[in-house]
Asks: 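Handing you a structure now.
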Amino acid sequence: MVRSQEEYVNQLFTEDEELRSVRNSIAEAGMKDISVAPAYGRLLTLLVQASGAREVLEIGAFGGYSGICLCRGLGSGGRLTSLELNEEFAAQASSRLTQAGFGGMFQFRTGLAADSLSQLKEEGRRFDFFFIDADKGNYPLYLEYALELANPGALIAGDNCFLRGRTLDPEKNGPSVQAVRQFNERMASDPRLTSTMLPSYDGLVLARVNET
């Protein structure tokens with residue numbers, strides 16, 4: 001018997017062997033699996049593909065699960081730029097992406113994401129799709145950079161917008177909770193964005209940068 005909507009979705013949209021192997025490698029490395037849910041991974045692929053994005057920026061690579069999903073949506077000549085603080089995580093993600101057949105389609109930058117974003121801005125880089133899934137306290141900063149680095153019509157996706165219910169609880173007011181609330185409110189109200197939020201799993205907020 002299906003006990004929840006999420007279980008029903010997971011039964012319909014199962015992981016393939018490649019993505020299951022990523023989760024297995026994360027477990028074997030003794031890392032806590034914080035990869036996106038399978039259905040959200042499929043959504044990332046669908047959004048990148050449907051939008052025709054050629055330049056994708058991922059903030060927070062972890063074990064490479066979301067990177068594979070993003071690369072699956074890219075067409076010929078598309079490129080993923082992935083920012084990751086932890087060099088070990090970046091190496092594992094790079095290995096998994098290469099094994100999945102995406103060698104030559106991605107580059108990793110390690111270190112503080114804020115520093116990498118500043119460098120990308122100085123280089124004049126522009127992106128068509130952003131996936132934000134890193135340290136929650138800097139979500140507002142990452143959104144600001146996304147707006148500065150976005151091509152008109154770019155899509156922005158931010159994961160974990162409920163923080164396992166903490167953003168919904170008025171008794172919870174830690175720095176990360178306040179930062180994610182600010183991010184959510186900005187995504188919902190910024191006149192430069194057309195946005196919505198998907199309330200499944202831990203919350204995914206989506207926005208399109210309006211063309212001017």
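Computed from a predicted structure; not experimentally measured.
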Asks: Answer with yes or no whether the side chains of Thr194 and Asn210 bring together a donor and an acceptor at under 3.5 Å.
Replies: yes
Asks: Any carboxylate oxygen within less than 4.0 angstrom of a Lys/Arg side-chain nitrogen, looking at Arg125 and Glu122?
Replies: no
Asks: In the single-linkage hydrophobic clustering (I, L, V, M, F, W, Y; side-chain heavy atoms under 4.5 Å), do Leu43 and Leu19 co-cluster?
Replies: yes
Asks: Which heavy-atom pair separates Ala93 from Ala61 by the least distance, and what is that distance?
Replies: CB-CB, 4.2 Å
Asks: Would you say that Thr110 contacts Leu83 through its side chain, given a criterion of any heavy-atom pair below 4.5 Å between the two side chains?
Replies: no
Asks: Going by the rule ring-ring contact (aromatic ring centres under 6.0 Å, His included), which residues pair with Phe102 if we only count those two or more places apart in sequence or in a different chain?
Replies: none
Asks: How far does CG of Asn184 sit from OG1 of Thr167, to the nearest 0.5 angstrom?
Replies: 6.0 Å
Asks: By side-chain contact (heavy atoms from CB on, under 4.5 Å), which residues pair with Val9, not counting sequence neighbours?
Replies: Phe13, Ala39, Tyr201
Asks: Evaluate Leu168 against Phe162 for side chain to side chain contact (heavy atoms under 4.5 Å, CB included), listing each step before the verdict.
Replies: CA-CA 7 Å; Leu168 314 179; Phe162 293 153; 4.0 Å; yes
Asks: Got a donor-acceptor contact below 3.5 angstrom from the Tyr145 side chain to the Pro140 backbone?
Replies: no
Asks: Is it possible for you to check whether Arg79 lies under 6.0 Å from the centre of the six-membered ring of Phe106, through NZ or CZ, and within 45° of that ring's axis?
Replies: no
Asks: Enter the distance from Leu70:CG to Thr81:OG1 here, rounded to the nearest 0.5 Å.
Replies: 11.0 Å
Asks: Is there side-chain contact between Phe127 and Val56, with heavy atoms separated by less than 4.5 Å?
Replies: no
Asks: Evaluate side chain to side chain contact (heavy atoms under 4.5 Å, CB included) for Phe183 paired with Val205, printing each intermediate quantity in order.
Replies: CA-CA 10 Å; Phe183 173 83; Val205 63; 3.4 Å; yes
Asks: If I take atom CG from residue Asn160 and atom OG from residue Ser176, how far apart are they, to the nearest 0.5 angstrom?
Replies: 11.0 Å
Asks: Please tell me if the side chains of Leu206 and Leu198 come closer than 4.5 Å, counting only heavy atoms from C-beta onward.
Replies: yes
Asks: Distance-only, no hydrogens or angles: does the Gln178 side chain make a donor-acceptor pair with backbone N or O of Asn173 under 3.5 Å?
Replies: yes
Asks: Taking the side chain as everything from C-beta on, heavy atoms only, tell me whether Tyr142 gets closer than 4.5 Å to Leu147.
Replies: no
Asks: If you compare all heavy atoms of Val209 against all heavy atoms of Ala150, which two are closest, and at what distance to 0.1 Å?
Replies: CG2-CB, 3.9 Å
Asks: Determine whether Leu117 and Leu149 make a side-chain contact, defined as any pair of heavy atoms from C-beta on separated by less than 4.5 Å.
Replies: yes
Asks: Show your working on salt bridge (Lys or Arg N to Asp or Glu O under 4.0 Å) between Arg96 and Glu18 and close with a plain yes or no.
Replies: CA-CA 9 Å; Arg96 300 307 310 192; Glu18 186 68 52; 3.7 Å; yes
Asks: Which atom pair, heavy atoms only, marks the closest approach of Cys161 to Val180?
Replies: O-CG1, 3.6 Å
Asks: With a 4.5 Å cut-off on side-chain heavy-atom distances among I, L, V, M, F, W and Y, is there a chain of contacts connecting Met197 to Leu143?
Replies: yes
Asks: Would you find a donor on one side and an acceptor on the other, under 3.5 Å apart, between the side chain of Arg42 and the backbone of Ala37?
Replies: no
Asks: Could you walk me through whether Tyr65 and Cys69 pass the side chain to side chain contact (heavy atoms under 4.5 Å, CB included) test, one step at a time?
Replies: CA-CA 7 Å; Tyr65 192 105; Cys69 294; 3.9 Å; yes
Asks: First locate atom CG of Leu12, then atom CD of Glu7, and finally report the distance between them rounded to the nearest 0.5 Å.
Replies: 12.0 Å
Asks: Does a sphere of radius 6.0 Å around CD in Glu144 hold more than 12 heavy atoms from other residues, nucleotides or ligands, not counting ones at 6.0 Å or beyond?
Replies: yes
Asks: Check whether Ile68 and Phe62 end up in the same hydrophobic cluster, where Ile, Leu, Val, Met, Phe, Trp and Tyr are linked by side-chain heavy atoms less than 4.5 Å apart.
Replies: yes
Asks: Of the non-hydrogen atoms in Asp133 and Tyr139, which two are nearest, and what is the gap between them?
Replies: CA-OH, 3.4 Å
Asks: Taking Asp202 first and then Arg166, would you say they form a salt bridge - that is, a charged N and a carboxylate O separated by under 4.0 Å?
Replies: no
Asks: Could you go step by step and tell me if Arg109 and Glu123 meet the salt bridge (Lys or Arg N to Asp or Glu O under 4.0 Å) rule?
Replies: CA-CA 14 Å; Arg109 299 194 182 201; Glu123 294 167 13; 2.9 Å; yes
Asks: Less than 4.5 Å apart, any side-chain heavy atom of Leu80 and any of Leu57?
Replies: no
Asks: Report yes or no: does Thr14 contribute a side-chain atom to a donor-acceptor pair with the main-chain N or O of Gln11 at less than 3.5 Å?
Replies: no
Asks: Please lay out, stage by stage, how Gln99 and Ser95 fare under the test side-chain hydrogen bond (donor to acceptor under 3.5 Å, both in side chains).
Replies: CA-CA 6 Å; Gln99 291 177 32; Ser95 175; 3.1 Å; yes
Asks: Under 3.5 Å, side chain of Asn10 to main-chain N/O of Glu6, donor-acceptor pair present?
Replies: yes
Asks: Would you kindly confirm whether Met105 and Val22 end up in one hydrophobic cluster when ILVMFWY residues are joined by side chain heavy atoms under 4.5 Å apart?
Replies: yes
Asks: Please report the closest heavy-atom contact between Gly64 and Leu97, naming both atoms and the distance.
Replies: O-CD2, 4.5 Å
Asks: Any side-chain heavy-atom pair from Tyr40 and Ser66 closer than 4.5 angstrom?
Replies: no
Asks: Rounded to the nearest 0.5 Å, what's the gap from CG on Asp169 to CG on Leu163? Could you check?
Replies: 11.5 Å
Asks: Asp128: which residues meet the side-chain contact (heavy atoms from CB on, under 4.5 Å) condition with it, sequence neighbours left out?
Replies: Ala53, Arg54, Glu55, Asn151
Asks: Over all heavy atoms of both residues, which pair between Gly153 and Glu211 is shortest? Give the atoms and the distance, please.
Replies: N-CG, 3.6 Å
Asks: Same cluster or not: are Phe108 and Ile59 linked, directly or through other Ile, Leu, Val, Met, Phe, Trp or Tyr residues, by side-chain heavy atoms under 4.5 angstrom apart?
Replies: no
Asks: Do other residues, nucleotides or ligands put more than 12 heavy atoms under 6.0 Å from Glu88 CD?
Replies: no
Asks: For residues Phe130 and Leu155, determine if any side-chain heavy atom of one lies less than 4.5 Å from a side-chain heavy atom of the other.
Replies: no
Asks: Measure the NZ-OG distance between Lys121 and Ser118 for me, rounded to the nearest 0.5 Å.
Replies: 7.5 Å
Asks: Taking Ala90's backbone N and O only, do any of them form a donor-acceptor pair with Ser94's side chain (distance below 3.5 Å, no angle check)?
Replies: no
Asks: Hey, does the side chain of Asn86 reach the backbone of Phe89 with a donor-acceptor pair shorter than 3.5 angstrom?
Replies: yes
